[in-house]
Amino acid sequence: MLDADFFRRWMTAAAAAVDREAERLTALDSPIGDADHGSNLQRGFAAVVAALEKEAPATPGAVLQLAGRQLISTVGGASGPLYGTLLRRTGKTLGTDAAEVGEERLREALRAGVAAVATLGGAAPGDKTMLDALVPAVDALGESFAAAADAAERGAEATTPLRARKGRASYLGERSVGHRDPGATSAALLVAALAEAADV
Amino acid sequence: MLDADFFRRWMTAAAAAVDREAERLTALDSPIGDADHGSNLQRGFAAVVAALEKEAPATPGAVLQLAGRQLISTVGGASGPLYGTLLRRTGKTLGTDAAEVGEERLREALRAGVAAVATLGGAAPGDKTMLDALVPAVDALGESFAAAADAAERGAEATTPLRARKGRASYLGERSVGHRDPGATSAALLVAALAEAADV
Amino acid sequence: MRMLINVPETVVADALRGMAAAHPELIVDVENRVIVRRDAPVDGKVALVSGGGSGHEPLHGCFVGPGMLSAACPGEVFTSPVPDQMVRAAAAVDSGAGVLFVVKNYTGDVLNFDMAVELAEDEGIQVAKVLVDDDVAVSDSLYTAGRRGTGATLFVEKIAGAAAEEGRPLEQVESLARKVNDNSRSFGVALDACTTPAKGSPTFDLPAGELELGVGIHGEPGRERRAMMTSREIADFSVDAVLEDMNPRNPVLVLVNGMGATPLLELYGFNAEVQRRLAERGVPVARVLVGNYVTSLDMAGASVTLCQVDEELLRLYDAPVRTPGLRWGG
Amino acid sequence: MRMLINVPETVVADALRGMAAAHPELIVDVENRVIVRRDAPVDGKVALVSGGGSGHEPLHGCFVGPGMLSAACPGEVFTSPVPDQMVRAAAAVDSGAGVLFVVKNYTGDVLNFDMAVELAEDEGIQVAKVLVDDDVAVSDSLYTAGRRGTGATLFVEKIAGAAAEEGRPLEQVESLARKVNDNSRSFGVALDACTTPAKGSPTFDLPAGELELGVGIHGEPGRERRAMMTSREIADFSVDAVLEDMNPRNPVLVLVNGMGATPLLELYGFNAEVQRRLAERGVPVARVLVGNYVTSLDMAGASVTLCQVDEELLRLYDAPVRTPGLRWGG
Ligand SMILES: Nc1ncnc2c1ncn2[C@@H]1O[C@H](COP(=O)(O)OP(=O)(O)O)[C@@H](O)[C@H]1O
Ligand SMILES: Nc1ncnc2c1ncn2[C@@H]1O[C@H](COP(=O)(O)OP(=O)(O)O)[C@@H](O)[C@H]1O
Ligand SMILES: [Mg+2]
Ligand SMILES: [Mg+2]
Ligand SMILES: [Mg+2]
Ligand SMILES: [Mg+2]
């Protein structure tokens, strides 16, 4: 069973990963975007970690809802509302009562969160967005956290040959081909952080 | 004896030299100035040649006065009024009546022209200006045109170690040391063109 | 890094402090990142709120004032602001007559403003929204996020701002704003990339002797890279690109907009070529605005925006405006 | 060459054609290179004429209009105009009340304007002249051409322009202009060189991570090169340099001026630091103006100008002005 502490560890690990990879994310956002993805998420996850420390929410759902709200309030850009919605909807699906949740329940909640991202952004897999990492990750989650992380990473890598159809990269048309999507890359970091939290 | 034709040849040779060396003059004006000396003189001497063709003044004095007026009306910057005054005063000293002038008379007229430049700009030899080429050139003119050209060239070269006290280069203080003065360089071209006109 | 900054993290906050000192006629809330016209809310007046990533100044913050925006929400550099800012701005300027959000069509701006609409309505504020999407370099198709909002934003904010100042109700201000956007098209060219504080180096490498056609205002590359062109050729290309997408019979407002680092001297020269091309193409010109209005940090280049106007739109465009960035009339 | 131009030779003429199209309220004589306010000569009013090399826009051409200049004479890029232009301008705007030439202190400008004074007087026009020399980076000594004219030009033209608009006689307009100059000091910094059309490459090489302190507005290098500084440090250095040369007891006008390619976002941030330093140094501030006003093509950097004002100067500064580049009041 996964408790509030697990989800806090996830967020802390995500913040650390984003910190570590911020320059790379911004660099990826440069040829097909506006060179801010790394600093956007750095700012957001730092706020998440600070808020979690300050408010110490007691349940998994409360942790994720607070994290999602923080991302919405501090990131801006496309990724702020999208990642914010991902965590908030996942947390809402978990509810705020249960002190612990099972992996099966988390998988369902994440599926709902990813669906909310798709609805909000109107994107589908293959559009060269974070969904290209998130959707396969949720599918592989039935197997294991590590498998999900692998799937997300492979999904992110597979965005390179795609032509973007959503977000800023879509303005480039054919010129977006050959570049890895920054949001799919950060999504893979997020899933890897989940596996890291589970691995302790 | 030197006729109007001689002075027209001088101006044509000067225009050609300035055209040829325009980039170099602008480049010299870059570290210690504002990178326009070459294009300034190019514009000016092109106008001189065009005006001489159109108006075909009949005497040495008239040629130089027209040339000086053209420089004043088309060059701008520091060099426009200074070179314009040099030629205008030289021409005025020659007067507009004489169809031919001797070398001695030209030397005196040029001395008056150079003195007018010194008065107008308030500069003296050693201040790292066109005067560092013009003054020794007039002094050497008693010997020969070629000697004047040599003296001007040596004077221009000798501006390199000087610290500028007049014009734009003076703003740089010590940092003006080590750069050859663009105006002294163009003055040497002007004197060389005079020797060239005499050499035909 | 050749930037006049302290550290990238404080660029926006520093700028807001500097705006506060320069513009006593504005209330600049540095902490919450909201710029509000000092006399807001104005009784009975519809309020206009806009915002977007920073780095496009004078857009939007310097367009706050009588006759234009009621408030602006600056995000991080090239990053849409967050819903909290927009809700706070709406609450500060709403007189009860409602608020119009002017939103440039970028995924981030749209998502954040949409969230703000919901939140503001929860607080009992009547909100309408207009999307600006004038950039013909992007085709408005299933394969893109739709056309970007660029230079037309100025016309929308100016004209809708004048309508609001006249006391028109929200639906009218909204439909005028939409009409201005529908009547506007833009095309932009970059001669050099910009450098964002976060990245610290140019957002794209443009080899000497090449230029980017159809560029946006966020340092993103354009649709096409070509060998350097003259001002005349760029004007032909830009005007023709815009006219492929509109066919103005009425007179147009023309914005010849600098991207940031192109000298005004060059912009005026470019304007001469744009006007020549418009005349060749038979487009009647009502007004011409030349300058750095919708910028992209220190990007070199320019964009051309045309906005077809009828008598009413022209009257509203000419109406007095008093903001740090745009100012004319009574 | 990353310039939005046709060929270097036509840059100024092209810009003037573009200005003519954008500003019907001005008469732009492209051939003779004179920009005149459309209603000139204004009966009984002293006329203000300025000019200088192009590349500093909006200075001077965009400062022509009610409340500021009567006419401007643009030279080639960074090259003083020729006397013919100034005489033509003076003749076009003189109502009989006389003409004041506002001349930035550069050898070329001084020599050409001096010739113009003689020629204009020959034509029966009463002419006075004021030299602007505010740049503290240059010491005013026998070993220099004297201090350069930079940012203070805006204050001189604005305040003397307002005095002329009020109908003051030539001697008074002249002595006010001189007083504004005497009360003003500036200091400038470059983060990157500019590229002139004629040269086609940067006028000096600034290695990454260095800056030029005490730079002029013609692409000339500064007095000193240093390792890159923060906005805060540059503000301290610039304000302190200015205050070494003046000790304002009265309130000052502050111009935080962009050199051309520095984004407005950064300029506002720099202004925050300038204001902090002025407060630390106990200098009372009356007005703050932030923007690209006295530029140097696409140079990156900024300058700070302080002008100490009494009640009269402040009133004249605040008086209405209606030009393409500066516009406020009534
Ligand atoms: N409509 C969308 N649906 C899902 N993800 C999207 C969408 N638009 C953009 N993204 C993701 O957001 C990432 C960019 O995030 P970020 O750089 O922070 O925002 P912005 O594009 O506003 O600068 C993209 O790489 C992409 O993965
Ligand atoms: N006061 C002066 N007296 C004599 N020559 C001068 C003076 N000031 C400048 N010069 C000359 O003018 C040259 C610069 O000419 P130019 O570049 O055309 O004008 P500007 O400095 O106005 O750009 C200098 O190299 C110098 O030789
Ligand atoms: Mg981005
Ligand atoms: Mg020069
Ligand atoms: Mg962004
Ligand atoms: Mg010059």
Side-chain angles (χ1 to χ4, degrees), chain B residues 22-23 25-44 46-47 68-85 88 117 119-124 127-130 163-176 179 183, chain D residues 8-9 33 51-53 55 73-85 106-116 119 135 137-139 141-148 193-205 214-225 296:
Chain B
E23 271 190 38
L25 293 174
T26 291
L28 287 174
D29 197 28
S30 190
I32 58 169
D34 58 350
D36 63 358
H37 191 56
S39 46
N40 282 350
L41 293 188
Q42 234 178 341
R43 185 172 61 250
R69 275 203 312 279
Q70 284 299 314
L71 291 183
I72 289 171
S73 292
T74 58
V75 174
S79 57
L82 291 167
Y83 277 128
T85 295
R88 228 160 71 97
V117 169
T119 306
L120 182 64
D127 285 350
K128 196 174 184 123
T129 71
M130 55 175 70
R163 174 177 169 153
R165 277 199 286 241
K166 289 287 164 191
R168 219 172 269 292
S170 72
Y171 302 143
L172 286 169
E174 270 306 320
R175 286 179 83 183
S176 67
H179 298 278
Chain D
E9 291 71 24
R33 305 199 166 191
C73 310
E76 280 297 320
V77 172
F78 292 170
T79 301
S80 141
V82 298
D84 312 50
Q85 291 170 269
Y106 300 95
T107 306
D109 295 73
V110 171
L111 295 180
N112 283 283
F113 267 102
D114 279 353
M115 289 188 163
L119 294 167
D135 187 348
V138 174
S139 54
S141 77
L142 271 180
Y143 303 103
T144 68
R147 286 197 313 245
R148 297 177 286 220
C194 60
T195 298
T196 60
K199 180 151 189 273
S201 60
T203 52
F204 55 84
D205 279 324
V215 83
I217 55 171
H218 296 88
E220 61 268 55
R223 294 281 294 197
E224 199 187 333
R225 187 168 284 189
S296 185

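Note that the structure is a prediction, hence the values are computed from the model and not measured.
- Heavy atoms of D:E224 lying under 4.5 Å from chain B belong exclusively to its backbone.
- Counting heavy-atom pairs closer than 4.5 Å to chain D, the top residue among B:D36, B:I32, B:D29, B:T26 is B:D36.
- Contacts between B:S73 and chain D at a heavy-atom distance below 4.5 Å involve backbone atoms as well as side-chain atoms.
- Across D:T107, D:D114, D:N112, D:T203, the residue that shares the most heavy-atom pairs under 4.5 angstrom with chain B is D:N112.
- When the side chain to side chain contact (heavy atoms under 4.5 Å, CB included) test is applied to D:D205, no partner is found at least two apart in sequence or on another chain.
- Looking only at heavy-atom pairs under 4.5 Å with chain D, the residue among B:R163, B:R175, B:K166 that has the most is B:R175.
- For chain D, no part of B:A123 is nearby; none of its heavy atoms comes within less than 4.5 Å.
- Between chain B and the options D:P202, D:A193, D:G222, D:A137, heavy-atom pairs under 4.5 Å are most frequent for D:G222.
- Comparing B:S39, B:A22, B:P31 by heavy-atom pairs within less than 4.5 Å of chain D, the highest count is held by B:P31.
- Atom OG of B:S30 is separated from atom CD of B:E23 by 12.0 Å, given to the nearest 0.5 angstrom.
- Per-residue heavy-atom pair counts under 4.5 Å with chain B were compared for D:S139, D:G219, D:P81, D:P83, and the maximum is reached by D:P83.
- Only the side chain of D:V138 comes within less than 4.5 Å of a heavy atom in chain B; its backbone stays farther off.
- Contacts of B:Q70 classified as side chain to side chain donor-acceptor pair (under 3.5 Å), with partners at least two apart in sequence or in another chain: none.
- Within the 4.5 angstrom heavy-atom criterion, only backbone atoms of B:T74 (N, CA, C, O) approach chain D.
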